[in-house]
A.B. asks: 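Sending over a structure as structure tokens; questions will come in a sec.
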Amino acid sequence: MESSQNHSDQANTPPRIPNVLKKVDNKELKSTSFWLNQVFLVLSTIFGVYLAAQSGLEQALKFDSYSKMEDNYYLRTSLYDEVNDNLENIKRYSLLLAKSPHTSELEYNKPTLEKYIWQTMQYSPTTLETPSIFLTQIRRFYSRAEFVIEAALKRKMSARQASIELNQIADIIEQQTLPQLKASALNLQQELQQNDIIIGSLKEADNAN
């Protein structure tokens, strides 16, 4: 009977609260301002990270865009120099053809068309960022010039006629293609300068990293 009474008293006794929990300031936890502060803290952190990521992405995209623009500037200026050299060789050969010399002399003075830049361009990711009109005109220049020269050497075309055709081909390149190609390269340079970028500075920054 006494054992049953003790068991009943234990059942009616409320559970003891650990001393650690007694020390917790429940008023602070229940405070609305506390939870609002926590929410604002989380939101401001997320927003700050988002802005930093956006800024980093924007800078990366700008650097990539300007870097490609600089690469294309180098490509156009190098192509200009190469085509201009080949143009001079074609013009000299055209003068020789106009004199209708012996085949052996034509063979000996046959111009070599340098195509290092032209052939390397097929591996450059910035090639197709070059206006197609330049690529088309230069391709036709090389193709037709080589055809006319070979035709003259094999006597399938008279030397004088070959001279006339080479002059026509050279005129298009000299009067249209090269001036426009040079102007387009200068436009790229000016656009970079307007964004406070000096040609070569991006390459130096990239190598430094």
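Residues take their numbers from the sequence shown, with the count starting at 1. When reading the values below, keep in mind they use all heavy atoms of this one structure, side chains included, and skip hydrogens, waters and symmetry mates.
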A.B. asks: Report yes or no: does S163 contribute a side-chain atom to a donor-acceptor pair with the main-chain N or O of A159 at less than 3.5 Å?
C.D. replies: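 Between the backbone of A159 and the side chain of S163 there is no qualifying donor-acceptor contact (under 3.5 Å).
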
A.B. asks: Mind listing the closest non-hydrogen atom pair of P101 and L96 along with its distance?
C.D. replies: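 That would be CD-O, 3.1 Å.
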
A.B. asks: Quick check: is W118 connected to V83 through a chain of hydrophobic side chains (ILVMFWY, heavy atoms under 4.5 Å apart)?
C.D. replies: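 Yes; W118 is reachable from V83 via cluster members.
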
A.B. asks: Give a yes or no on whether L75 and L181 share a hydrophobic cluster (residues Ile, Leu, Val, Met, Phe, Trp, Tyr; joining criterion: side-chain heavy atoms under 4.5 Å apart).
C.D. replies: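 In one cluster with L75: L181, yes.
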
A.B. asks: T126 and D71: side-chain hydrogen bond (donor to acceptor under 3.5 Å, both in side chains), yes or no, with the steps?
C.D. replies: CA-CA 7 Å; T126 60; D71 287 343; 5.7 Å; no

A.B. asks: Quick one: which of M69, R76, E70 gives a side chain to side chain contact (heavy atoms under 4.5 Å, CB included) with N72?
C.D. replies: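 In the set M69, R76, E70, the residue that makes a side chain to side chain contact (heavy atoms under 4.5 Å, CB included) with N72 is R76.
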
A.B. asks: Any non-hydrogen side-chain atom of K110 less than 4.5 Å from a side-chain atom of L106?
C.D. replies: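 No, too far: nothing below the 4.5 Å cut-off.
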
A.B. asks: In Å and rounded to the nearest 0.5 Å, what is the CG to CG distance from N86 to L113?
C.D. replies: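 Separation between the atoms: 5.0 Å.
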
A.B. asks: Are side-chain heavy atoms of Y73 and T77 found at a separation under 4.5 Å?
C.D. replies: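 Y73 reaches T77 side chain to side chain.
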
A.B. asks: Roughly how far, to the nearest 0.5 Å, is CE of M157 from CD1 of I149?
C.D. replies: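 If I round to the nearest 0.5 Å, the distance is 11.0 Å.
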
A.B. asks: Using a strict 4.0 Å threshold on nitrogen-to-oxygen distance, state whether E165 and R160 make a salt bridge.
C.D. replies: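 No, this pair does not count.
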
A.B. asks: Honestly curious: do L79 and Y116 fall in one hydrophobic cluster under the side-chain, below-4.5 Å linking rule?
C.D. replies: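 Yes, L79 and Y116 fall within the same hydrophobic cluster.
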
A.B. asks: Take atom NZ in K156; do more than 12 heavy atoms of anything else shown fall under 6.0 Å from it?
C.D. replies: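 12 or below, so no.
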
A.B. asks: For residues I90 and I169, determine if any side-chain heavy atom of one lies less than 4.5 Å from a side-chain heavy atom of the other.
C.D. replies: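 Result no, sub-4.5 Å side-chain heavy-atom pair not found.
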
A.B. asks: Would you compute the distance between atom OG1 of T127 and atom CG of L135 and round it to the nearest 0.5 angstrom?
C.D. replies: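 If I round to the nearest 0.5 Å, the distance is 7.5 Å.
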
A.B. asks: Do the side chains of L95 and I173 join up, straight or via other hydrophobic residues, at under 4.5 Å, putting them in one cluster?
C.D. replies: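 Per the 4.5 Å side-chain linkage, L95 and I173 are not co-clustered.
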
A.B. asks: Quick check for you: to the nearest 0.5 Å, what is the distance between L192 atom CG and N187 atom CG?
C.D. replies: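 It comes to 11.0 Å.
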
A.B. asks: Check this for me: does any side-chain nitrogen of one of E146 and K115 sit under 4.0 Å from a carboxylate oxygen of the other?
C.D. replies: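 So E146 pairs with K115 through a salt bridge.
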
A.B. asks: Would you say Y93 and Y108 are hydrophobically clustered, going by side-chain heavy atoms of ILVMFWY under 4.5 Å?
C.D. replies: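 No.
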
A.B. asks: Name the one of R140, K182, Q137 that satisfies side chain to side chain donor-acceptor pair (under 3.5 Å) with T177?
C.D. replies: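 Going through the options one by one, the only one that passes is Q137.
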
A.B. asks: Under 4.5 Å between any side-chain heavy atoms of T112 and N89, yes or no?
C.D. replies: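 Not in contact.
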
A.B. asks: Going by an N to O cut-off under 4.0 Å, is there a salt bridge joining K91 and E174?
C.D. replies: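 Judged by the 4.0 Å cut-off on N to carboxylate O distance, K91 and E174 do form a salt bridge.
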
A.B. asks: What are the two closest heavy atoms between E107 and L153, and how far apart are they?
C.D. replies: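 It is N-CD2, 3.7 Å.
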
A.B. asks: Find out whether I172 and Q168 are in side-chain contact, i.e. whether some heavy atom of one side chain is under 4.5 Å from a heavy atom of the other.
C.D. replies: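 The answer is no; the side chains never approach within 4.5 Å.
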
A.B. asks: To the closest 0.5 Å, what do you measure between CZ (F134) and CZ (R139)?
C.D. replies: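 So the gap between those two atoms works out to 15.0 Å.
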
A.B. asks: When you measure from the side chain of S78 to the backbone N and O of Y74, does any donor-acceptor pair fall under 3.5 Å?
C.D. replies: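 Indeed, once roles are kept as given, a pair shorter than 3.5 Å links the two residues.
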
A.B. asks: Any chance you could measure Y80, atom OH, to S184, atom OG, to the nearest 0.5 Å?
C.D. replies: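 Nearest 0.5 Å value for the OH-OG distance: 11.0 Å.
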
A.B. asks: Would you say that more than 12 heavy atoms from the other residues, nucleotides or ligands in this model lie under 6.0 Å from the OH of Y142, or not?
C.D. replies: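 Enclosed.
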
